[in-house]
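One structure below.
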Amino acid sequence: MAFLPKSRKARRRLLAVAIAAPILAASVGLSLYAMGDAAVFFYSPSQAAAKHVPAGRTVRLGGLVQTGSVVRRGDGTVEFAVTDRAATDKVVYRGDLPDLFREGQGVVAQGSFEPDGVFRAREVLAKHDERYMPREVTAALKQSGEWRPSR
C-alpha cells in the first residue's frame, strides 16, 4: 500500500489517530446533543413574537412588569404582563414571587409559551437593588430604544 508510511513507528501513530478520531468525534457529538436541551435562550416580548417561539420550549422572557397588570388569584397564581414597550406578553406564575417584584421593574421569567400564547413561568427573577437590571433585559431595552438609565 503506497499511502501507508514505511516506518513501523509512523504506522503505529497513524493507527492510533485512526482509532482515536472517530471515538473523539462521537463523544463530542453526544455531548453537544445532550447539551442541546439544556440551553435556555433569552427573548424580550418583541423578539419572542418575531421569532415565533414554539410552544413548550423552555426559554427566558424578560422585560418590565407592565403597570396595572399584576393580578393575584386566591389559589396562589399570579398573572402579570411583561413588556419591552414594543410588545407585551401575558405571564402566569404559581408560587411565591421575589420580594422585590413590582410593577415597572425589570423581571426575567423562565418557562414556556403555551399554544394559546400565554407564557407559563416556572421561575421568576426580579432585580435586586435600585440600579441593577439583568444584562439581557438592559440589552433588549437598548435595542428597542426604550432604555432609560437610572440617575
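The residues of the chain are indexed from 1 along the displayed sequence.
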To the closest 0.5 Å, what do you measure between [atom1] ([X]) and [atom2] ([Y])?
X: Arg120; Y: Lys90; atom1: CZ; atom2: NZ; answer: 9.0 Å
X: Phe113; Y: Tyr43; atom1: CZ; atom2: OH; answer: 9.5 Å
X: Phe42; Y: Leu61; atom1: CZ; atom2: CG; answer: 7.0 Å
X: Glu79; Y: Arg72; atom1: CD; atom2: CZ; answer: 12.0 Å

Beyond-backbone contact of [X] with [Y], side-chain heavy atoms, under 4.5 angstrom:
X: Arg122; Y: Ser112; result: yes
X: Pro98; Y: Val124; result: yes
X: Arg12; Y: Lys9; result: no

Would you say [X] and [Y] are hydrophobically clustered, going by side-chain heavy atoms of ILVMFWY under 4.5 Å?
X: Ile23; Y: Leu15; answer: yes
X: Val70; Y: Leu97; answer: yes
X: Val92; Y: Val59; answer: no
X: Leu64; Y: Val71; answer: no
X: Val118; Y: Phe80; answer: no

Asp116 CG: over 12 foreign heavy atoms closer than 6.0 Å:
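Counting neighbours around CG of Asp116, more than 12 heavy atoms of other residues, nucleotides or ligands fall under 6.0 Å, so yes.
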
If I compare all heavy atoms of [X] with all of [Y], which pair ends up nearest, and what's the gap?
X: Ser69; Y: Gln66; result: OG-O, 2.7 Å
X: Gly62; Y: Val82; result: C-CG1, 3.7 Å
X: Pro45; Y: Ala87; result: CB-O, 3.5 Å

Determine whether a donor-acceptor pair (N or O, by modelled atom type, separation under 3.5 Å) exists between the side chain of Gln105 and the backbone of Arg102.
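Side chain of Gln105 to backbone of Arg102: no pair is present.
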
Gln110 and Arg60 side chains, donor-acceptor separation under 3.5 Å:
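Indeed, the side chains of Arg60 and Gln110 share at least one donor-acceptor pair under 3.5 Å.
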
